[in-house]
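A quick note: this is a predicted structure, and the numbers were derived from the prediction, not measured.
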Amino acid sequence: MRYIGALLPYQLNSKAGLNINSTLLRVLAVMGVLSCMAVTDKSMAQDTLPEEIQDNVPNAALVGEDMFTYYFWDVYLASLYAPNGRYNTEDAFALRLKYQRDLEGKKIAQRSIDEMKKQSSLSQEQVKAWLSKMESIFPDVSDGDVLTGVATKNGTSVFYFNGEKVDSVEDADFTTRFFNIWLGESTSEPKFRKALLGES
């Protein structure tokens, strides 16, 4: 008993001491199990991230998410992922939109270019080229469909639909303006932006 007593705060030299040590051992055992469960849950959370996010965002973790609504209708659940859950425009990140209703791809593209134009002026050539590109990328969506946009470190936008790569845009200006629809300081939805950045 000498060695056990050296490790625990009470000696096993009485019935009371035995009860105390038994209780302490049970507490330590429970703490160990909970610790293992926490590690397992964290690993499982990482493993269940969509492949397109794991493949493009190192150590991806959720930064924040929120439901975007239009009047009384839920439109999509937006989730922002970044390395270790810390958003930085210098690092790769991903924005995942899970739609809650049917929408036409052309309307998604038009709404996107309208929001991009609000940030600062765009030339007619940019508007025409970017709108045409987005119309070719964004499909019609239904309830449950997922569109994911990835911003790479070199300023390229990569788009996925239900986990399948659709296309990419190698234009840093486009990438900045597109993701600033949600994440830029001049966004038309500042409360939504705060939720995505984990600030609310």
Looking at [atom1] of [X] and [atom2] of [Y], how far apart are the two atoms once the value is rounded to the nearest 0.5 Å?
X      : Y      : atom1 : atom2 : result
Asp143 : Asp102 : CG    : CG    : 7.0 Å
Ile108 : Asp140 : CD1   : CG    : 7.5 Å
Lys165 : Glu52  : NZ    : CD    : 12.0 Å
Met134 : Phe174 : CE    : CZ    : 5.0 Å
Phe68  : Glu189 : CZ    : CD    : 4.5 Å
Thr89  : Lys153 : OG1   : NZ    : 11.5 Å

Given side chains that start at C-beta, do those of [X] and [Y] come closer than 4.5 Å, heavy atoms only?
X      : Y      : value
Leu196 : Val63  : no
Asp74  : Met67  : yes
Leu183 : Tyr87  : yes
Ser79  : Leu62  : yes
Leu77  : Leu97  : no
Val141 : Tyr76  : no
Leu147 : Tyr160 : no
Val75  : Leu103 : yes

Nearest non-hydrogen partners of [X] and [Y], listed with the distance:
X      : Y      : result
Arg96  : Ile53  : CD-CD1, 4.2 Å
Val169 : Thr175 : O-OG1, 4.1 Å
Thr187 : Asn180 : CB-O, 4.0 Å
Pro83  : Ala92  : CD-O, 3.2 Å
Thr148 : Ala94  : CG2-CB, 4.4 Å

message: Tell me whether the count of non-hydrogen atoms from other residues, nucleotides or ligands lying under 6.0 Å of NZ in Lys98 goes above 12.
response: no
task: For atom CD of Glu164, decide whether the heavy atoms of other residues, nucleotides or ligands shown that lie under 6.0 angstrom number more than 12.
output: no
Do the side chains of [X] and [Y] join up, straight or via other hydrophobic residues, at under 4.5 Å, putting them in one cluster?
X      : Y      : answer
Val127 : Met116 : yes
Phe178 : Leu95  : yes
Val158 : Val57  : no

salt_bridge([X], [Y]) N-O dist < 4.0 Å:
X      : Y      : value
Asp114 : Lys118 : no
Asp171 : Lys133 : no
Lys128 : Glu125 : no

Got a donor-acceptor contact below 3.5 angstrom from the [X] side chain to the [Y] backbone?
X      : Y      : answer
Gln119 : Arg177 : yes
Asn84  : Arg86  : no
Thr152 : Thr156 : yes
Glu115 : Ser112 : no
Arg193 : Ile181 : no

- request: Determine, stepwise, if the pair Phe138 / Phe159 fulfils ring pair (Phe, Tyr, Trp, His ring centres under 6.0 Å).
  value: CA-CA 9 Å; Phe138 301 147; Phe159 295 96; 5.5 Å; yes
- request: Determine, step by step, whether Asp173 and Gln126 satisfy the side-chain contact (heavy atoms from CB on, under 4.5 Å) criterion, reporting the C-alpha distance in whole Å, the side-chain angles of both residues, the deciding distance to 0.1 Å, and the verdict.
  value: CA-CA 10 Å; Asp173 190 20; Gln126 283 178 309; 3.3 Å; yes
message: Going by side chain to side chain donor-acceptor pair (under 3.5 Å), name the residues that satisfy it together with Tyr99, two or more places apart in sequence or in a different chain.
response: none
query: Who are the ring-ring contact (aromatic ring centres under 6.0 Å, His included) partners of Phe179, not counting sequence neighbours?
result: Phe93
field: Criterion side-chain contact (heavy atoms from CB on, under 4.5 Å) on Val146 and Phe161, from CA distance to verdict
entry: CA-CA 6 Å; Val146 176; Phe161 179 58; over 6 Å; no
